[in-house]
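Labels below follow one simple rule: chain letters A, B, ... track the order of the sequence lines, proteins then strands, and each chain is numbered from 1.
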Amino acid sequence: VKLVIGIVRPEKANDVLEALYRAEVRGVSMSRVQGHGGELERVETYRGTTVQMGLAEKVRFEIAVSDEFVQPTIEALCEGARTGEVGDGKIFVVPLEQAVRIRTGDTDMGAVTPVDK
Amino acid sequence: VSGLAVVTSLTGIDSGDTAWMLAATALVLMMTPALGLFYAGLVRSKNTLNTFMMCAGAIAVATVTWAAVGYSLAFDGSGSLIGGLGNTFLHGVDFAPREGTKIPQLLFFAFQATFCIITVALVSGAVVERMRFGAFLVFAALWSVCVYAVLAHWAFGGGWLQSGGTLDFAGGVPVEMGSGFSALAAAIVVGARKDYGRQALLPHNAMYVLLGAGLLWFGWFGFNGGSGFSTGDPSVLAFVNTLLTPACTLVVWFTLDLIRGRKVTAIGAATAIVVGCVAITPAGGYISPGWAMLLGALAALPSYAIIVWRTRTRVDETLDVLAAHGLAGFTGILFIGFFAEAAWNGVSDGLFYGNAAQLGHQALAALAAPVYAFVATFVLLKLIGLAMPLRASEREEGIGMDVVQHGEEAYVTGEGAILITAEAGIEAELPVADPI
């Protein structure tokens, strides 16, 4: 069981959700975060104060999946989030010590496999 | 006191009328920022500032074009199709009373300017979230002259509709049908947002929408109440009808919401306020309070139906200017033809009171204004499109118009922002020739 973390552009978040849905990856959480991975192109001016926005709005997906779903999940994230410009984001895959489904107490594989009913 | 009365009658200016019209002008000007709030709440957060700025842009551009040539084309002389150029750049617009009123023509000009401004701002609702700001300003300048001033002349300035007998108290022709059907044309020429029909595009702040609608209603008392240019009976009637009609629209809208979704929605309520105010705009000074209440109830039906239907089409007329303004204005203009009452307005009866001809005059306006607004706006935007791109690229649309068009955000946190000063030594800000 792995945790796939994808940090993407907010305007691509819906495309990512669509791609994940097509890849049949169902269990997803997302949050709004700020960060930067080298891009610093955005300059804004407020009443004569010019600033370079060091942190950009990003959306962070966290997806816990069984091992055979890791590659499809990565592909879906790339497909949905890529524009080709600096700032498209990153994907991190980390091992998961344990996963528990709160409702049933199912652990690991059972916890990350979606229930159909 | 008697000496003062003599002076008043000599100059032809009535101080009471003038005082009210000064206040009414300020009330109507406030409607454009109010519309900015209303519209900004309805768009996604990344387009908040751009949407409001289109209203601010309308104030800037339309005031200048109105002073330069728009007012003259609308109100100089009584040509059939268009006015003259005698008042261009406010030539001859001074303290002498405007013909048919007891207020200075200079004040009359300013009051009418606020109408032109808000009508230009209304059209922006069709193209928000993707039209380039610069292209919109060019459009606003040309549209205020080529479309608004022409329709204003037809309905208010002695043009063929007014002289033919069409009754339009406060702008069903130029403001409401003018903006609504122009909005439809603009949405078609500019095209849908890239995400339209693919994603749910939801209002980002319902409180802005409600606040904007409330301030619009408040300003509308100046809009309708001022359109008699006096403190006389028609103004009082229009003022009170501006309370009655939207209230009835609200009640019916609540009911429709309940029937359709079992819940009364807040954004529906905000929409209903606008629809009611629009419906009474042409009819305000011409129908009795009782009929005004019926008008409010009736006006909800076609506008509600079009709003429900429009979102299922490919036409991304984003903020439903056609439904809220075009259609409600159409309803109000036709309603006069049925229920105008000479006992209340001192001008003319409608069909219900035995004057079928009035309905004919109203139907003519309800046909001519939409056709002219749609065709002229369509052609105008096609021509502007030849000279410059009308809309932002897909990538820019994705990032949002606030950052792309204005270099600002509505909800900036400032976290991680780096102050750019010459001393800070950030390359971008240092001139190439002086790289110290």
Side-chain angles (χ1 to χ4, degrees), chain A residues 6-23 25-26 28-61 76-91, chain B residues 43-50 52-53 56 128-130 133 192-202 204-205 391-432:
Chain A
I7 298 171
V8 307
R9 296 176 186 275
E11 64 264 28
K12 300 301 278 181
N14 270 304
D15 294 337
V16 169
L17 284 170
E18 269 182 46
L20 287 171
Y21 186 82
R22 277 200 302 275
V25 177
R26 294 290 190 272
V28 170
S29 50
M30 60 179 269
S31 46
R32 293 195 161 266
V33 296
Q34 298 208 315
H36 88 89
E39 83 276 25
L40 274 174
E41 77 273 18
R42 223 166 78 244
V43 174
E44 301 184 1
T45 304
Y46 297 88
R47 278 209 171 168
T49 303
T50 302
V51 292
Q52 209 161 31
M53 303 313 275
L55 297 180
E57 290 277 332
K58 298 286 172 192
V59 165
R60 172 188 165 113
F61 284 92
L77 279 164
C78 286
E79 181 203 327
R82 183 176 292 139
T83 69
E85 311 261 338
V86 177
D88 276 354
K90 296 280 188 299
I91 297 170
Chain B
V43 298
R44 290 168 290 174
S45 56
K46 62 185 176 182
N47 299 309
T48 311
L49 296 177
N50 178 247
F52 193 99
M53 283 295 285
V128 290
E129 299 202 296
R130 74 274 202 198
F133 190 61
R193 291 166 292 175
K194 73 178 178 68
D195 298 331
Y196 180 74
R198 290 183 55 230
Q199 295 175 8
L201 306 172
L202 302 180
H204 91 280
N205 191 329
R391 56 186 297 164
S393 69
E394 280 211 355
R395 181 178 161 271
E396 292 172 330
E397 211 185 307
I399 293 169
M401 305 298 276
D402 288 3
V403 169
V404 170
Q405 300 284 310
H406 306 285
E408 296 165 284
E409 295 167 81
Y411 307 101
V412 66
T413 62
E415 284 158 13
I418 303 158
L419 186 64
I420 296 182
T421 58
E423 304 86 67
I426 288 170
E427 309 83 351
E429 279 304 287
L430 286 178
V432 180

State, with a plain yes or no, whether a side-chain heavy atom of A/Glu11 is found less than 4.5 Å away from one of B/Arg395. no
With B/Arg44, which residues qualify under salt bridge (charged side-chain N to carboxylate O under 4.0 Å, His left out), at least two apart? B/Glu129, B/Asp195
Identify which part of B/Glu397 has an atom lying under 4.5 Å from any heavy atom of chain A, answering side chain, backbone, both or neither. neither
Report the residues that fulfil salt bridge (charged side-chain N to carboxylate O under 4.0 Å, His left out) with A/Arg32, sequence neighbours left out, ordered by chain and then residue number. A/Glu57
Check this for me: B/Glu394, atom CD, are more than 12 non-hydrogen atoms of other residues, nucleotides or ligands nearer than 6.0 Å? no
Is it the backbone or the side chain of A/Thr45 that comes under 4.5 Å from a heavy atom of chain B, or both, or neither? backbone
Per-residue contacts, residues 401-408 of chain B versus chain A, heavy atoms under 4.5 Å: B/Val403, B/Gly407, B/Glu408
Suppose we screen for ring-ring contact (aromatic ring centres under 6.0 Å, His included). Which residues come up paired with B/Tyr411, at least two apart in sequence or across chains? B/His204
Just wondering, more than 12 heavy atoms not from A/Tyr21 lying within 6.0 Å of its OH? no
For B/Leu419 and A/Thr49, work out which heavy atoms get closest and say how close. CD1-CG2, 3.4 Å
First locate atom CD of B/Gln199, then atom CG of A/Leu17, and finally report the distance between them rounded to the nearest 0.5 Å. 9.0 Å
Do other residues, nucleotides or ligands put more than 12 heavy atoms under 6.0 Å from the CZ atom of A/Arg82? no
